[in-house]
Amino acid sequence: QVQLVESGGGLVQPGGSLRLSCAASGSSVSTALMGWYRQAPGKQRDMVTTITRGGTTNYADSVKGRFTISRDNAKNTVYLQMNNLKPDDTANYYCTMNYRYWGQGTQVTVSS
């Protein structure tokens, strides 16, 4: 059974940084397409970034240059480094494996 557990969310001031983690069990992140999505209240869930098994990354225009996805195969974990956070980044962030499995989400709030 595949499980994804996100962590690392919290409250941060504008311009601050957070690193989210997505720990996987039951399947390897190294052989999957992994991604981060986010959903703000009353809005649809949108793609933030993805990384293919080959390491190709894709980012939403709104986060390019500020967010970085990475993968630690030994820890079977995917990370999302978020820098220069803005209030518009406030959302619940979800990790996905192959768009089939989803974590429970971790809340990120950017506010002064």
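When reading the values below, keep in mind they use all heavy atoms of this one structure, side chains included, and skip hydrogens, waters and symmetry mates.
At a threshold of 4.5 Å between non-hydrogen side-chain atoms, the residues Y59 and T68 count as touching. Residues N58 and M47 form a side-chain contact, since some pair of their non-hydrogen atoms from C-beta on lies under 4.5 Å apart. Looking at T77 and V29, their side chains never come closer than 4.5 Å, going by heavy atoms from C-beta outward. The side-chain heavy atoms of L20 and S7, taken from C-beta on, include no pair separated by under 4.5 Å. Side-chain contact between N92 and R38: absent, with no pair of heavy atoms (C-beta onward) separated by less than 4.5 Å. Put simply, the side chain of E6 reaches to within 4.5 Å of the side chain of C95, judged on heavy atoms. The side-chain heavy atoms of V78 and W36, taken from C-beta on, include a pair separated by under 4.5 Å.
A search for salt bridge (Lys or Arg N to Asp or Glu O under 4.0 Å) contacts involving R66 returns D89, not counting sequence neighbours. With sequence neighbours excluded, the residues forming a ring-ring contact (aromatic ring centres under 6.0 Å, His included) with Y37 are W102, listed by chain and number.
Without hydrogens or angle criteria, N98 side chain to R100 main chain gives no donor-acceptor distance under 3.5 Å.
With no hydrogens or angles considered, no side-chain donor-acceptor pair links S111 and T109 at under 3.5 Å. Residues S17 and N83 have side chains that bring a donor and an acceptor to within less than 3.5 angstrom of each other.
Evaluation of the ring pair (Phe, Tyr, Trp, His ring centres under 6.0 Å) test over residues 69-98, restricted to residues two or more places apart or in two chains, returns none.
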